[in-house]
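Not measured: the values here are computed from a predicted model. Residue numbers count from 1 along this sequence.
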Amino acid sequence: MKTKFLLSILFLSFLYNNLLPQQKTLTFKQVYNFAEPRLINPLPQIKGWLDNSHYLELKTDSSKMIFKPVLMKVNAIDGTSEIFIDYRKINESLPNGFSVENAIASSNYRYFLFNQQNDLYVYSTEKNQFIQLTRDTLEEKNPKFSPDEKKIAYTKNNNLYVFDLENQKETQLTFDGSNLIYNGWASWVYYEEILGRASQYAAFWWSPNSDKICFLRFDDSPVPEFPLYRADGQHGKLELQRYPKAGDPNPKVKFGIVNLNNLQTIWADFDENKDQYIAWPFWTKDGKDLTVQWMNREQNNIIIYFVDTSTGKLKELYNEKQNTWVEWFEDLYFLNNGFLLRTSVDGWYHLYYYDMNGVLKKKLTEGNLTVLDIAFVDEKKEKVYFHGWKDNSTEKHLFVVNLNGKGLKQITTIEGTHTCTISPDGKYFYDRFSNITTPAKIDLYSIDGKKIRTIGDSKNPIMNEYKLAKVELFRIPTEDGYQLPAIWYLPSDFDETKKYPVIISIYGGPGSPTVRNAFPYWLEPYYLSQYGIIYISVDHRGSGHFGKKGIDLMHRNLGKWEMHDYIEAVKWLKKKTFIDTNKIAITGGSYGGYVTALALTYGADYFKYGIAEFGVMDWKLYDNVYTERYMDKPDENEEGYKNSSVLNYVKNYKGKLLITHGTMDDNVHMQNSIQLIYELQKLNKDFELMIYPNARHGITMPLRNHSLKLKTQFWFKYLLGKEFHIDKD
């Protein structure tokens, strides 16, 4: 009787388990090639606020495989919408080869600007008219509408031009552009390290009144050339790049202002022959005053100057020095009676309120708080809204503080990462939010933080059918008292009695945290964890979680604290009974490639496997602006450069390292990997290498799929002891 009862229980249990929907596992193509079914859906494409109560959303109808975009005007409160601009109708009015999706819209959508076939064209929504503006063989670059939308500025053949839409006239503003002289077009090192990649090399700025354009003029003749070789065809092609490496001469730079009323150019009173940096101009709201920032070659002193636009004379507004390095004020904000400054001068990134004479009126934030950016300023109510974190550095929230420094309040309350866009009148904001368990979503709130409605949610309900990793945020203690932020993805069937290999994914650069309470951009950690790999990220003390004073520890010592803290993390991992201590791997690209190679050489006793992608292997080989900011010049810090170089620790290497690099990488030259390879070969060390022809910094299509497969094969081979096949996972 007892036996029959037990058999019945076992049968019912078997039947129940087989009737339940089986949890699915991710495939390689789902994760890396965005194949169906997708666990994450696209969020609504919100294009910003139209007015105080409406935002714009680009919607598409892809039925019958036809892309049909429409720009909708959406009522923020109730979600009702109407067509604002029908892109479909505009496209029907355009010549073959032109599509409004590839155009630049003016601020109020009166015009759509096309930069195609080495000429500029404009479509007027008011007149339903398509007009060709320029007619020559030269390429127009970075066209930008004036604030009043009556003109367009751009560079061509390294000179600055303006096109008057009302009079249909092009005017050349500078005349000395050449292969070495650039007007309004950034020298490479400015593009990469000062103005940023988002600038797309543009180095000119309209005045609010549309009557002036300020710009930077570069002379690249002092800058050494670096050869990049493209091996296509029978004879190949040599590309020469003006690239100043650590200690090399910089481009000469001047700052000019063109008055469009008389076409005269006024040059600011800087000596272009001095070793200096000039960048980040800001106009006051009324357009009457112009500021520009100056920094010395040592990068430990920054000055904000007023520039007299009629004489070029300079007047100092703000002067800051730090013992390590200073940073550009990229979000300088002018009020009617002063300006807001975000600076780390006291060791943390805080907000300061100055009057127009540069006298401090009030420090707006204090203590263990980091201000990440200014989100909105309500001058009528004298309130400043900003993103930042307080106490917990893996969070990002919206805060508000009064201009008198009182009333600091955190507005967003759900734990995670929030990026908020506030309506013009300051009454509402939409919030793009996620955390480690919640894929990205967009919610609408009133300014006091009360939720009104959900605009979009990227989570596909099908995600619940998948057997995904267990994700945890935590801190790893170091012997000297730091609590290092960490996040790991544990296999869904995690068992503490088993042994698991580990992949440590890092970037590691100064002030560049990777551990945050946010859903991952892509599902790689989930994919690898389902095969029994623990995927973890850790941030060191100089990553930004401990303020500028933490980042400053890296001054003249790149590599030192990264290795110290990542080794501390490995020591902590090795104390866990479920860690396979013989299979601890590390991977990263760019700065992360540097740290990975350093880990397998300097830290060879702790790291056995690694994939180093397009990394810096010796800081003498990288650009001077970035490198000298942290390391000073090579002749000023010989010991620091020696200690930071991967090449000096190759003798310690005893693991398995995969090195990847693109042959045309114009940021971290393949020279870095070649020099590491040479040192490994001289010592008869085993390693793996993959070169990607013509790839720049980062491997993109059509080579991206090969790179992703290669890395997965590496992990399977060395961490799991088996081969990987895309079609069998």
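Annotation: side chain of S434 is not in contact with side chain of P439 (no heavy-atom distance under 4.5 Å). You'll find the side chain of L56 reaches within 4.5 Å of the side chain of Y109, heavy atoms only. A heavy-atom distance below 4.5 Å is found between the side chains of L473 and T394. W283 is not listed as a side-chain neighbour of N209, based on a closest heavy-atom distance of 4.5 Å or more.
In this structure, the side chain of N667 does not engage the main chain of H697 through any donor-acceptor pair within 3.5 Å. No donor-acceptor pair under 3.5 Å is formed between the side chain of N33 and the backbone N or O of F28. Listed for the R110 side chain is no donor-acceptor partner under 3.5 Å among the backbone atoms of S106. Looking at T174, its side chain does come within 3.5 Å of a backbone N or O of L160 through a donor-acceptor pair.
At a threshold of 4.0 Å, the pair K285-E379 counts as salt-bridged, since one of the basic side-chain nitrogens sits closer than that to a carboxylate oxygen.
Close placement of the Y692 and H706 rings is indicated, their centers lying within 6.0 Å of each other. Ring centroid separation for the pair Y190 and Y201 does not come in under the 6.0 Å cut-off. Between F112 and Y87, the ring centre distance stays below 6.0 Å. Aromatic pair W49/Y430: centroids less than 6.0 angstrom apart. Ring centroids of Y428 and Y445 are separated by 6.0 Å or more, keeping the two rings apart.
Here the options are Q172, E170, E139, the test is side-chain hydrogen bond (donor to acceptor under 3.5 Å, both in side chains), and the partner is K156; only E170 passes. When each of Y489, Y535, Y32 is paired with Y526, the ring-ring contact (aromatic ring centres under 6.0 Å, His included) condition holds for Y489 and for no other.
A distance of 11.0 Å separates OG1 of T419 from NE2 of H397, quoted to the nearest 0.5 Å.
Below 30°, between 30° and 60°, or above 60°: for F386 and F399 the angle between ring planes is below 30°, a parallel geometry. Ring planes of F98 and F130: perpendicular class, angle over 60° (limits at 30 and 60°).
Dense packing is recorded around NZ of K141, with more than 12 heavy atoms of other residues, nucleotides or ligands lying under 6.0 Å away.
Judged by the 6.0 Å and 45° rule, K144 forms no cation-pi pair with W206.
There is no side-chain donor-acceptor pair under 3.5 Å between E395 and T417.
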